[in-house]
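Only one structure is covered here, and it is reproduced in the block below.
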Amino acid sequence: MNDYDVPVLIVGGSLVGMTSAALLGTHGIPSLVVERHRSSAIHPRAALILQRSMEILRTAGLEEIISAKSAEQFDQDAAIMSVETLAGKEIAWHLPKLNDGVRDLSPCERLFATQVAIEPVLKGRAQELGAQTLFGTELVSFEQDADGVTALIRDRDTGETSTVRARYMLAADGAHSPTRDRLGISRVGHGVLSKSITIYFRADVKELLRGRNLGVIMVVNPTLQGFFRIEKPYKSGFLAVHGLGDPLNPNSDIWTDLTEEGCVDLVRAALGDDSIAVEIDDVMRWQATAQVAERMQSGRIFLVGDAAHSMPPYGGYGGNTGIHDAHNLAWKLAAVIKGDAQPELLSTYDSERRPVAGFTVAQAFSRYVARAAPFLATDDMEPLVSDANIDLGYRYRSTAVTADADDLGELHGNPRESKGRAGTRAPHHPIELDGEILSTLDLFGGNFVLLTGSNQPAWHERALRASKALDIDIDVHSIGDSGGYSDAGGGFSDAYGISATGAVLVRPDGFVAWRAVTDADATDASISAVLIDLLGHASQAPNSNAEDIAQPQPA
């Protein structure tokens with residue numbers, strides 16, 4: 001093997017690691033991804049992709065292909081329900097259609113698409129954008145100094161070792177992260193909730209579906225508790241089992257004395273039809289936990305995905321939260337590596353993402369208890385909040401956000417009421433250009449963006465001066481301006497909580513950095529002052545932190 005000198009080393013090439021590489025690539029930052037497994041995922045995990053993740057994948061140019069992969073595997077807009085068995089009694093329809101009640105919030109829809117289908121897509125996109133990927137390669141050791149991280153990696157087939165020198169390192173190496181352990185970072189929360197299994201099987205279950213469009217089928221009966229996902233053409237799927245016996249007092253250790261014959265019996269008990277032939281393809285053992293790392297950054301090393309937080313599968317938040325981690329971190333790393341920001345910006349990754357991760361883990365635990373494990377209920381459990389609040393309504397607070405004067409400190413809220421407040425995801429609002437309906441979200445992802453109402457030349461002039469003074473690219477869009485994007489259907493100013501003379505500055509990750517409801521207090525230096533604070537006073541030494549950005553090359 002060769003030795004490598006790269007801007008970013010990513011340890012772990014599964015869903016979150018490959019997303020990180022692709023998103024860094026969209027900002028012009030190449031990376032090296034090392035993955036100890038010899039290929040992408042072989043098990044169809046993390047099948048639910050929520051709206052925010054689809055918005056992020058849209059930014060990376062992957063929405064259409066991921067949607068197509070989903071349609072190959074699953075019926076779209078399927079239901080989430082509970083049954084005693086697939087053939088038997090229906091207990092409840094939790095969500096008759098996956099996107100009911102949320103279509104107005106985003107140009108993107110929730111969908112089911114397994115990691116088996118999407119990880120190769122992410123890998124291909126990451127490579128297109130400059131990433132190099134090494135599968136069957138494990139991290140042996142690492143150390144960091146004031147200027148970067150030096151890592152030793154090993155090819156698992158040949159035993160050959162190489163050295164990697166990177167400016168920064170991302171640990172995307174899973175819930176049992178060796179990197180996190182070597183850094184001495186502990187976790188808080190709930191430990192092992194169950195020793196669960198996922199049974200990958202083949203069986204013709206089309207008749208048992210009875211024409212129902214079912215995405216997640218939760219099973220609760222005196223034999224087992226768990227959930228199905230069935231793939232087209234309804235002859236294969238998986239059954240996750242986290243409880244055996246009495247649902248009110250189950251045995252949560254599914255591992256002990258587990259046999260292939262026992263797995264066949266469990267699948268049949270969940271199907272409710274002993275006459276169906278069942279073949280077992282594989283069985284994966286896993287632990288349900290609900291924990292968050294006490295730190296998500298250690299110097300130049302960052303924890304992302306399951307390495308930073310683990311949660312039970314109810315709600316589908318695990319993989320999605322990891323994608324959000326990657327999105328938050330990618331633009332910040334790019335800004336620092338390019339010299340547009342000082343390294344202090346990177347400390348906002350932990351201060352922004354860790355509270356959100358803790359909130360999401362608590363919500364996943366509450367859903368697990370409510371739907372699958374009522375015996376784990378405690379008096380101090382977090383009350384359930386809307387799925388939309390969890391996915392689209394969380395709020396950041398850090399030095400990378402200029403807080404509104406009326407900020408009450410809430411961690412989440414209804415995304416329909418965010419109104420462009422600082423620290424919230426900039427709202428989706430329909431806009432039109434040359435007869436094509438787009439979303440305000442389509443304006444974000446590369447540079448900082450200043451949005452204003454129509455005909456606001458003063459804001460344009462201020463943004464131009466700030467851009468020149470700080471050597472930072474700022475895109476300016478007046479929504480409703482006859483020369484640009486029209487306000488499709490009206491209501492842009494209300495959606496963003498500004499008057500006709502106000503403005504909103506949006507970060508590259510689509511979160512609002514600063515909002516001026518009117519131009520009453522605006523000055524020529526207003527935008528510059530916000531960016532100077534946000535980027536760590538980068539203007540004091542323009543591009544003084546810039547690093548040589550090259551493709552991953554042998555040293």
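Under the 3.5 Å distance criterion, the side-chain polar atoms of Glu35 are matched with a main-chain donor or acceptor of Gly13. Checked by atom type and distance alone, the side chain of Thr289 never pairs as donor or acceptor with a backbone atom of Gln291 at under 3.5 Å. Judged by distance alone, the side chain of Gln73 and the main-chain N or O of Thr114 form a donor-acceptor pair under 3.5 Å. At distances below 3.5 Å, not a single donor-acceptor pair connects side-chain atoms of Gln51 with backbone N or O atoms of Glu109.
In this structure, the ring of Phe511 has its center no less than 6.0 angstrom from the ring center of Trp331. Between Tyr314 and Phe365, the ring centre distance reaches or exceeds 6.0 Å. Taking the ring centroids of His412 and Phe359, they lie under the 6.0 Å cut-off.
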Checking Lys232 against Glu72 for the side chain to side chain contact (heavy atoms under 4.5 Å, CB included) test, could you report, in this order, the C-alpha distance in whole Å, the side-chain angles of both residues, the deciding distance, and whether it holds? CA-CA 7 Å; Lys232 293 178 178 178; Glu72 292 173 4; over 6 Å; no

Verdict with supporting geometry, Glu352 and Arg395, salt bridge (charged side-chain N to carboxylate O under 4.0 Å, His left out): CA-CA 8 Å; Glu352 291 184 351; Arg395 190 169 185 178; over 6 Å; no

Run the side-chain hydrogen bond (donor to acceptor under 3.5 Å, both in side chains) check on Asp306 and His176 step by step: do they pass? CA-CA 8 Å; Asp306 288 351; His176 302 289; over 6 Å; no

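Of all non-hydrogen atoms in Leu48 and Gly315, the two that sit nearest each other are CD2-O, 3.7 Å.
In this structure, Asp77 does not pair ionically with Arg110, as no charged nitrogen and carboxylate oxygen lie closer than 4.0 Å. Under 4.0 Å is where a charged nitrogen must lie from a carboxylate oxygen, and between Arg58 and Glu55 no such pair does.
Arg367 forms no cation-pi arrangement with Tyr317, by the criterion of a distance under 6.0 Å to the ring centre and an angle within 45° of the ring axis. Both tests pass for Arg300 against the ring of Tyr168: distance under 6.0 Å to the centre and angle within 45° of the axis.
Results of the side-chain contact (heavy atoms from CB on, under 4.5 Å) test with Phe142 over Val11, Leu152, Thr179 single out Thr179 as the only residue that passes.
In this model, no donor atom of one side chain and acceptor atom of the other lie less than 3.5 Å apart for Glu143 and Thr150.
Inter-residue side-chain proximity for Gln297 and Ser347 is flagged as met; some heavy-atom pair is nearer than 4.5 Å.
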